[in-house]
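Reviewing the structure listed below.
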There are 2 protein chains.
Amino acid sequence: MGAKGEGNRQRIVEAAESLFYRRGYNQTSFQDISDATDIPRGNFYYYFKTKEEILNAVIDGRIANLNTMLSGYDAEISDPRERLLKFTNIIEHGRGDVMQSGCPLGTLSSELVKDDSALHEKSKQAFIVLRDWMTQQFEALGLSDAGELAIDLLAKLQGVAVMASVFKDAEYVKRSHLAIKNWINLQR
Amino acid sequence: MGAKGEGNRQRIVEAAESLFYRRGYNQTSFQDISDATDIPRGNFYYYFKTKEEILNAVIDGRIANLNTMLSGYDAEISDPRERLLKFTNIIEHGRGDVMQSGCPLGTLSSELVKDDSALHEKSKQAFIVLRDWMTQQFEALGLSDAGELAIDLLAKLQGVAVMASVFKDAEYVKRSHLAIKNWINLQR
DNA sequence: GTCTATAAATAGATAGAC
DNA sequence: GTCTATCTATTTATAGAC
């Protein structure tokens, strides 16, 4: 891995990540990424053979960030319930972004179910990381239906994210966040 | 309104509706609609000046179908709770489609938040129709927070739809449908 | 009202100079 | 590694014959 071009590669991935989120994968062109990075289109193909490879790198980056964040929770918070509660703060911390562009994972996956199935499978990977981590937390709480609780929690978050982006109501997001935290506290 | 071309117009809208759902609005081209209808691209512009106008017609059609369905429930079912329960059957009746392409309303809205805001506003209209109808049902049940319950029910349905399309698990959909029906029965 | 031909812009991708 | 020029295909949209 030469260190020379990794700067450009990283800048391309970061700009693509933001654009894929704010404007969608299919609606983001190489020109858009070029404008955002001041790197000419032609140079992209030195790092990525296709647009799909950029998407793969973007999702790999998201998964890496997710793993870093979740490992941090595991290290810093001893109570699995507190870890789950901490994670749900993401919907209020990222409230503005969610109201403007929806959930980064959910909207990408919703877009890619309608494209090639290989792309959708890739976007599913980030959800699997989240689901498995949540399952571990519910298991650590001694709950036998941990896997189902994990999917249910993901569904609650996705439901809030969709409605937040449709109606753009900050009070709704706040109220729903509280309801989700209450639900987590009720699982025993 | 000449009757001559309304046949073609209707066929264009119906083909577009299906394609916008299965492949997305931005990923559907005039050529795709032309292939599906055997109507040449050039003729589209006699009925619609732009692609956005086709989308408007598609959403207006969905809203009309929604109103017909909901009015039917109002006429045939006397208990508001039973009407809500009846509506939620949509997620199991349309289970295959939802697992393959997500919720027609939710995925369209998630796609269009990232496009022009006028398009997103239009897609929001269908949600408003649903929300207002649900609010009426909860009000008829004598519940003071009817508006919030309506949004919460919509969020539950959207959450299930997103997770159904991500994991494509029919058992999950069935289980979640039961949970939603239980939740509706608990609102008193 | 219907259809063909085509314009004008943009997409992803490639070749090759530097 | 970087960048310019370009290819090919496809997009929305228009002009105008029929």
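Model, not experiment: these values are computed from the prediction. The sequence lines fix the lettering, A, B, ..., with proteins before strands; numbering per chain opens at 1. These values consider heavy atoms only, across backbone and side chains, with no hydrogens, waters or symmetry-generated copies.
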What residues from residues 112-122 of chain A pass a heavy-atom cutoff of under 4.0 Å to DNA chain C?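 Those residues: none at all.
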In residues 147-164 of chain B, what donor-acceptor pairs under 3.5 Å come from side-chain atoms, sequence neighbours left out?
residue, atom, partner, partner atom, Å
B:D152, OD1, A:R175, NH1, 3.3
B:D152, OD1, A:R175, NH2, 3.4
B:D152, OD2, A:R175, NH1, 3.1

From [atom1] of [X] over to [atom2] of [N], roughly how many Å is that when rounded to an integer?
X     : N      : atom1 : atom2 : result
B:F44 : C:dT4  : CZ    : P     : 12 Å
A:R9  : D:dT2  : CZ    : P     : 13 Å
B:I12 : C:dG1  : CD1   : P     : 12 Å
A:F48 : D:dT2  : CZ    : P     : 12 Å
A:I33 : C:dT10 : CD1   : P     : 17 Å
B:N43 : D:dC18 : CG    : C1'   : 13 Å

Could you work out, with side-chain contact (heavy atoms from CB on, under 4.5 Å) as the rule, every residue matching [X], not counting sequence neighbours?
X      : answer
B:D74  : B:R83, B:W133, B:Q137
B:E14  : B:Q10
A:V113 : A:H120, B:S165, B:K168

Any pair counted as salt bridge (charged side-chain N to carboxylate O under 4.0 Å, His left out), so long as it reaches residues 106-120 of chain A, sequence neighbours left out: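 Of all non-adjacent pairs touching residues 106-120 of chain A, none passes salt bridge (charged side-chain N to carboxylate O under 4.0 Å, His left out).
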What pairs of residues pass the salt bridge (charged side-chain N to carboxylate O under 4.0 Å, His left out) test when at least one of them lies in residues 91-109 of chain A, not counting sequence neighbours?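 Not a single pair qualifies under salt bridge (charged side-chain N to carboxylate O under 4.0 Å, His left out).
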When every nucleotide of nucleotides 7-12 of chain D is labelled 5' to 3' by its protein contacts under 4.0 Å (heavy atoms), B for base, S for sugar-phosphate only, - for none, what sequence of letters results? ----SS
Out of D:dT4, D:dG1, C:dG1, which nucleotide sits closest to the side chain of A:P40?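 Side chain of A:P40 sits closest to D:dT4.
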Within the structure, does a side-chain N or O atom of A:N8 lie under 4.0 Å from either OP1 or OP2 of D:dT2?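 True: A:N8 side-chain N/O within range (under 4.0 Å) of D:dT2 OP1/OP2.
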Suppose we screen for side-chain hydrogen bond (donor to acceptor under 3.5 Å, both in side chains). Which residues come up paired with B:R62, at least two apart in sequence or across chains?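 Residues passing side-chain hydrogen bond (donor to acceptor under 3.5 Å, both in side chains) with B:R62: B:E17.
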Among residues at least two apart in sequence or on other chains, which ones pass side-chain hydrogen bond (donor to acceptor under 3.5 Å, both in side chains) with A:K124?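 A:K124 satisfies side-chain hydrogen bond (donor to acceptor under 3.5 Å, both in side chains) with no other residue.
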Can a side-chain donor-acceptor contact be found between B:Q31 and B:D35 if the only test is distance below 3.5 angstrom?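 Present: a donor and an acceptor within the cut-off.
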With sequence neighbours left out, which residue pairs that include part of residues 11-34 of chain A fulfil the ring-ring contact (aromatic ring centres under 6.0 Å, His included) condition?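 Qualifying pairs, neighbours excluded: A:F20-A:Y25, A:F30-A:F44, A:F30-A:Y45.
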Five-pair end axes of the helix from C:dG1-D:dC18 to C:dC18-D:dG1, angle between them (10°):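 Answer for the end axes of this duplex: 10°.
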More than 12 heavy atoms of other residues, nucleotides or ligands under 6.0 Å from CD of A:Q187: is that the case?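 Yes, CD of A:Q187 has more than 12 neighbouring heavy atoms, counting only those of other groups under 6.0 Å.
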